[in-house]
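Take a look at the structure below.
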Protein chains: 2
Amino acid sequence: MQIEKTMKKITIKDVAKDAEVSVAAVSKVIRSAYGVSPSLKEKVEKSIKKLGYRPNTSARGMRGKTFTIGVLIVNLGNAYLPKLLEKINATLSKSGYKMLIGLGQSELSIESSLIESMIDNNVDGLILVAPHLSDSALAQYAKQVPMTVIGHIENTATSFDTINGDDFLGARLATRALVETGIKNIKMISQPLREFNKVDLNQERERGFLDTLSEANYSDVTEKLIFRASNNEDELKKELALFLDEQTLPCAIFCWSDIHAIPLLDECIKRQLIPQKDVFIIGYDNTPLASYSMINLSSIDQQAEQQGELAANALLERIKGRNTAKHLLVEPSLISRKSH
Amino acid sequence: MQIEKTMKKITIKDVAKDAEVSVAAVSKVIRSAYGVSPSLKEKVEKSIKKLGYRPNTSARGMRGKTFTIGVLIVNLGNAYLPKLLEKINATLSKSGYKMLIGLGQSELSIESSLIESMIDNNVDGLILVAPHLSDSALAQYAKQVPMTVIGHIENTATSFDTINGDDFLGARLATRALVETGIKNIKMISQPLREFNKVDLNQERERGFLDTLSEANYSDVTEKLIFRASNNEDELKKELALFLDEQTLPCAIFCWSDIHAIPLLDECIKRQLIPQKDVFIIGYDNTPLASYSMINLSSIDQQAEQQGELAANALLERIKGRNTAKHLLVEPSLISRKSH
DNA sequence: GTAAAAGTGTAGAACGTTATACAAATAATA
DNA sequence: TATTATTTGTATAACGTTCTACACTTTTAC
């Protein structure tokens, strides 16, 4: 802790010398391995403290563990990430692990190279958040390093764990609530389709949406009720404006994400459309913004924190040796505000 | 690129064997070091591609460079970070560097240990974003690794670079605009004071605030006009409510950050106070949220992207050998919307 | 009192790179 | 042609850890 006078890095050798003991002994103490006497332990720990020694992660990576977990995220702009990441971080650090975040740029090639870069850093495990990669690509990486994936539905995967909100249920909750408003024109705003994955979280939401409408005896329940908007922020605005142009009011809209719901609501306000009268909107993720009284967006909360904790723990278990897959579903809930 | 059949990691040895050449030769090619013939180069590159070889960062870290830059952030919730980080990432990757984000939790001890953890990972350089650490602590770390700091004013530092918005000017722009509204009751909402730093960004904003008021011949220009609110989200709400209770309307308020301005505006709306009539608010950072028409917050834009690029480039220069300090100031501008 | 078991510490190889020092081959100069 | 430079490739010692194998003590069991 104290400020070292010299800039030379303190290595395990220095500690060994200071404690008048072998390098191997010091290593044993650090790893709390078997076969060290209390007196040895004390001596070494004293020297470690005195010199301010910290094991070098790179060197560790070459033989043993690095106690580092790579976390991959694609879109930092998504406001549900902070809570998630903080919880992952907190959970990991309880077990002495550090979190390293890699930031993808929603381009697939970058996402791959980021994962590879993490692997090259010898992380002990990987948590991917809503990756865009294909199932098979994920399976490949999972062979190389323990892995847990959040926000990517694939419950047949055997080589990695998945943690998801129950998106089908979430969509049902939202759609149900919209149905109950009595509005007949109900739409959903979704994401572009992914080509290569069997199921993705958004398909589940779409399924829940359509399913609920059918159940409520809506007529003409088809994919046409689903509008797939771009993820690009600038495009999105234009597309949403066009979308609104085409709607007959009053209109109820379920958005796959607050990132879409808030700009949509924004566009509505601009047009002087009144929530709970002309438009009824429900978002997803219950982003912090949703709760501001100027926005007041109803949204599905999918418990990011719980997902983060589950993911971190699942990964730690995997690192400890579990090699069967876990696929966990977290139950979402509807937070009702003034937008529907 | 292709999918490997085997899970064994491909090392430089494998490449050497495949290319029928020495390990040293391969290393030379990778580093594009002096003394390799075109034919050797070609052979090796072919094998690298064929085997999908990627150098192991840990191993690299033990001798040479890791081509990894650590970026430290404290509060992920701050919506001005995404743009900043993305720009840093983009700039670094142009030069073949990877960015690794470490997430602090606004506790000092964690911040230190995070930096240390980065150093232990043998990063080639460090970018700190708005660190809470003391000047002297920063100087200590700067001795161990090339470092650039964003959002921390200390233009006497010699061992590291700093990149900042011109906070004095930014505050002046905002305050000037508030003065021009004609409102007499002008306040500022700032952050808690930092004990150990000579100057910090917020003090600069406070200085700009007071300075402008004096210049405009306001009477009784003292620190009492500055309200220091908590950074904790929950506390903040209560404090802002109390703050508003005490104000005589109309009232103009300059907030040191949109993170504070938006909840403040929110509280105003709740109380049915009308912006541009009862309250006049200007924030800082020009967060994406500010531009939503439900929020419509005037804010000082401090060009996060430019700061990110400057920081990344400054760091790369330092890594290349520059050892004099650079202290750059980015000029901010007022984005006028409907809150003042 | 001896043999076996348990406990405690150490030597040293290994991990995958880099980079220095050098050898061999080739080209340039005298 | 003999000498000196230059170019090209290689052997190998680091880097800071971990961990296996082993040796030496001490304890336990009979």
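- The interatomic distance linking B:Arg54 (CZ) with C:dT17 (C1') rounds to 15 Å, in whole Å.
- Nucleotides of DNA chain D with any atom under 4.0 Å from a heavy atom of chain A span, from 5' to 3', D:dG16 to D:dC19.
- Judged by distance alone, the side chains of B:Asp135 and B:His152 do bring a donor and an acceptor atom under 3.5 Å apart.
- Side chain of A:Asn89 to main chain of B:Leu103: a donor-acceptor pair is present (N/O by atom type, distance under 3.5 Å, no hydrogens or angles).
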Self-check item: side chain to side chain contact (heavy atoms under 4.5 Å, CB included) between B:Ile150 and B:Leu310, worked out
Solution: CA-CA 10 Å; B:Ile150 300 178; B:Leu310 287 173; over 6 Å; no

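- At a threshold of 4.0 angstrom between heavy atoms, the contacts of B:Thr11 are confined to the sugar-phosphate backbone, with no base atom among them.
- The distance between atom NZ of B:Lys9 and atom P of C:dA14, rounded to the nearest whole Å, is 19 Å.
- At whole-Å resolution of the value, CZ in B:Arg63 and P in C:dG16 are 16 Å apart.
- Protein atom CG of A:Asn122 is 19 Å distant from nucleotide atom P of C:dA14, rounded to whole Å.
- One atom, CD1 of A:Ile12, and another, P of C:dG12, lie 17 Å apart when rounded to the nearest Å.
- As a whole-Å value, the separation of B:Lys28 NZ from C:dT17 P is 18 Å.
- Interface remark: the B:Arg60 side chain does not form any donor-acceptor pair with the C:dT17 base, using a distance-only criterion of under 3.5 Å.
- Panel note: side chain A:Asp124, backbone A:Thr66; a donor-acceptor pair is recorded below 3.5 Å.
- The distance from atom CZ of B:Phe67 to atom P of C:dT17 is 14 Å, rounded to the nearest whole Å.
- Atom-to-atom, CD1 of A:Ile119 to C1' of C:dG16 comes out at 16 Å; the value is rounded to the nearest Å.
- Note that the CG atom of B:Leu114 and the CE atom of A:Met99 stand 8.5 Å from one another [nearest 0.5 Å].
- Of the two residues near DNA chain D, A:Met62 and B:Leu40, the one whose nearest nucleotide lies more 5' is B:Leu40.
- Each of B:Leu100, B:Val123, B:Val145, B:Ile127 was compared with B:Ile69 under the side-chain contact (heavy atoms from CB on, under 4.5 Å) criterion, and only B:Ile127 meets it.
- B:Ser37 comes within 4.0 angstrom of the backbone, heavy atoms only, and of no base.
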